[in-house]
**Student:** 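First the structure, then my questions, so here it is.
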Amino acid sequence: DGRDGQDTKLAGVFVKGNLLYGMPMSYSGISSFGHIILVEGYLDVISMHQAGFDNAVASLGTALTTGQVNLIKRYTDHVYLAYDSDEAGTKAALRALEIMREFEMPARVISLKPYKDPDELIQKDPKLWQKAVSKNVPAVDWLLGKYADRLDLNSAAGKREYSDLAVNLISCLEDAVEKKHYEQKVAKELDVSIEDLRAKKVNSSSRRLKDIKIEAEDKITDGLKDDL
């Protein structure tokens with residue numbers, strides 16, 4: 001029928017949402033490094049491979065999709081995210097982190113500041129890129145850092161807002177040890193006790209990272225372009 005004909009035509013179509021640029025060239029690199037580095041642009045992948053990081057792939061100009069995450073999971077569960085450091089890149093990173101958390105992939109983030117993207121950083125000095133990679137942080141630490149960057153933690157209002165965001169984020173964590181670690185980290189940042197943090201009301205115990213991300217996204221990216 002007509003649908004069968006449509007399916008036949010689609011079978012030969014190049015579906016960007018299911019592929020990653022540089023993936024065929026990265027199989028051995030992913031195996032040797034033990035993780036994959038996910039970037040936004042084609043030039044980023046080319047520069048990274050030339051610099052010896054042959055475990056880099058890009059999402060072909062599209063936002064990260066579940067199809068692409070499924071492809072990554074065939075080779076590794078460990079992803080280092082190195083998206084552009086501008087506002088758009090930050091928002092794309094937030095969306096990518098949510099998808100990877102849904103797939104139970106422990107993502108980490110590479111900070112590129114003050115450079116725009118991996119290509120620019122590598123062109124400046126490949127050693128700077130190697131240093132940036134070595135300083136990668138877990139996704140939760142990166143998110144907490146973004147919250148702290150946008151708020152005045154010396155003010156009562158800033159501490160309240162930061163603690164609201166942090167407590168809601170921590171509530172999404174399932175592992176008790178990991179949760180305790182971040183409770184201690186946030187309590188130290190705010191100079192309060194863990195009991196003080198736990199006394200705060202979380203909107204819903206069933207909230208997911210996606211809900212927290214959407215609520216906080218504007219706070220994180222508001223004016224971010226001037227700071228990065």
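Here the structure is a predicted model, which is why all the values come from computation and not from measurement.
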**Student:** Please say yes or no: joined through hydrophobic side-chain contacts below 4.5 Å, possibly via intermediate residues, are Ile30 and Met25 part of one cluster?
**Tutor:**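 Not linked; separate clusters.
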
**Student:** Could you give the distance from CG (Asp54) to OG (Ser32), rounded to the nearest 0.5 Å?
**Tutor:** 5.5 Å

**Student:** Is the shortest side-chain heavy-atom distance between Val79 and Val69 below 4.5 Å?
**Tutor:**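 No, side chains not in contact.
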
**Student:** Tell me whether Glu40 contacts the main-chain N or O of Tyr83 through its side chain, where contact means a donor paired with an acceptor under 3.5 Å.
**Tutor:** no

**Student:** To check you understand the geometry: which heavy-atom pair defines the closest contact between Ala82 and Pro118, and what is its length?
**Tutor:** O-CG, 3.6 Å

**Student:** Taking side chain as C-beta onward, heavy atoms only, is Val39 less than 4.5 Å from Phe53?
**Tutor:** no

**Student:** Mind listing the closest non-hydrogen atom pair of Leu173 and Lys179 along with its distance?
**Tutor:**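 So the two residues come closest at O-CE, 3.0 Å.
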
**Student:** So, Glu120 side chain and Lys116 main chain: donor-acceptor pair closer than 3.5 Å or not?
**Tutor:**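 Between the backbone of Lys116 and the side chain of Glu120 there is a qualifying donor-acceptor contact (under 3.5 Å).
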
**Student:** Roughly how far, to the nearest 0.5 Å, is the CD1 atom of Ile36 from the CG atom of Leu71?
**Tutor:**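 Leu71 atom CG to Ile36 atom CD1 measures 7.5 Å (nearest 0.5 Å).
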
**Student:** Should the ring pair Tyr162 and Tyr147 be called parallel, tilted or perpendicular, given that the plane angle runs from 0 to 90° and is split at 30 and 60?
**Tutor:** perpendicular

**Student:** Distance from Gln68 atom CD to Lys73 atom NZ, nearest 0.5 Å?
**Tutor:**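 Reported to 0.5 Å precision, the distance equals 15.0 Å.
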
**Student:** Counting C-beta onward and ignoring hydrogens, is there a side-chain heavy-atom pair between Glu189 and Lys185 closer than 4.5 Å?
**Tutor:**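 The answer is no, as the side chains (C-beta and beyond) never meet within the 4.5 Å cut-off.
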
**Student:** Can you tell me if Asp175 has over 12 outside heavy atoms packed within less than 6.0 Å of its CG?
**Tutor:** yes

**Student:** If you measure only the distance, is there a donor-acceptor pair under 3.5 Å linking the side chains of Asp141 and Tyr182?
**Tutor:** yes

**Student:** Do Leu81 and Arg108 make a side-chain contact, defined as non-hydrogen atoms from C-beta onward lying under 4.5 Å apart?
**Tutor:**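 A side-chain contact is absent here, since even the closest heavy-atom pair is not under 4.5 Å.
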
**Student:** Applying a strict under-4.5 Å side-chain criterion to I, L, V, M, F, W and Y, I'd like to know whether Ile194 and Leu190 cluster together.
**Tutor:**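 Ile194 and Leu190: separate clusters.
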
**Student:** Which heavy-atom pair separates Phe33 from Gly52 by the least distance, and what is that distance?
**Tutor:** CZ-O, 3.7 Å

**Student:** With rounding to the nearest 0.5 angstrom, report the CD to CG distance, Gln130 to Leu121.
**Tutor:** 10.0 Å

**Student:** Is there side-chain contact between Phe103 and Asn70, with heavy atoms separated by less than 4.5 Å?
**Tutor:**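 Side chain of Phe103 against side chain of Asn70, heavy atoms only: contact under 4.5 Å found.
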
**Student:** Sub-3.5 Å donor-acceptor pair from the side chain of Ser85 to the main-chain atoms of Tyr115, do we have one?
**Tutor:**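 Indeed, once roles are kept as given, a pair shorter than 3.5 Å links the two residues.
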
**Student:** Do Ser26 and His49 make a side-chain contact, defined as non-hydrogen atoms from C-beta onward lying under 4.5 Å apart?
**Tutor:**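 Counting from C-beta outward, Ser26 and His49 do come under 4.5 Å.
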
**Student:** Going by the angle between their ring planes, with limits at 30° and 60°, are Tyr21 and Tyr42 parallel, tilted or perpendicular?
**Tutor:** perpendicular

**Student:** Calculate, to the nearest 0.5 Å, the distance between atoms CG and CG belonging to Leu165 and Leu144 respectively.
**Tutor:** 9.5 Å

**Student:** The test is side-chain hydrogen bond (donor to acceptor under 3.5 Å, both in side chains); show your working for Ser163 and Lys200 and say whether it passes.
**Tutor:** CA-CA 8 Å; Ser163 61; Lys200 293 182 70 71; 3.2 Å; yes

**Student:** Provide the closest heavy-atom pair for Leu153 versus Gly158 in the form atom of the first, atom of the second, distance.
**Tutor:** CD2-O, 3.9 Å

**Student:** For residues Ala139 and Leu97, report the shortest heavy-atom separation together with the two atoms involved.
**Tutor:** CB-CD2, 3.6 Å

**Student:** So Leu94 and Leu143, side chain to side chain contact (heavy atoms under 4.5 Å, CB included) or not? Walk me through it.
**Tutor:** CA-CA 8 Å; Leu94 288 166; Leu143 285 166; 3.1 Å; yes

**Student:** Using the rule that Ile, Leu, Val, Met, Phe, Trp and Tyr join whenever any side-chain heavy atoms are under 4.5 Å apart, tell me whether Val192 and Ile170 fall into a single cluster.
**Tutor:**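 The answer is yes; both residues are in one hydrophobic cluster.
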
**Student:** How about NZ on Lys131, more than 12 heavy atoms from neighbouring residues, nucleotides or ligands closer than 6.0 Å, or not?
**Tutor:** no

**Student:** Regarding Ser193 and Asp196, do their side chains bring together a donor and an acceptor under 3.5 Å, going by distance alone?
**Tutor:**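 The answer is yes; a qualifying pair exists.
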
**Student:** Below 4.5 Å, heavy atoms only, C-beta onward: do Ile110 and Val137 meet side chain to side chain?
**Tutor:** no

**Student:** If you take all heavy atoms of Leu20 and Ser59, which pair is closest and at what distance?
**Tutor:**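 Of all heavy-atom pairs spanning Leu20 and Ser59, the closest is CD2-CA, 3.9 Å.
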
**Student:** Hey, does Leu64 have a side-chain heavy atom less than 4.5 Å from the side chain of Arg95?
**Tutor:**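 Side-chain contact under 4.5 Å: no.
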
**Student:** I'd like to know if the side chain of Gln123 pairs up with that of Ser47 as donor and acceptor (distance under 3.5 Å, no hydrogens or angles considered).
**Tutor:** yes

**Student:** Between CG of Leu151 and CD of Glu161, what distance do you get to the nearest 0.5 Å?
**Tutor:** 4.5 Å

**Student:** Does the side chain to side chain contact (heavy atoms under 4.5 Å, CB included) test come out yes or no for Asp44 and Asp84, once each step is laid out?
**Tutor:** CA-CA 10 Å; Asp44 297 324; Asp84 293 0; 4.1 Å; yes

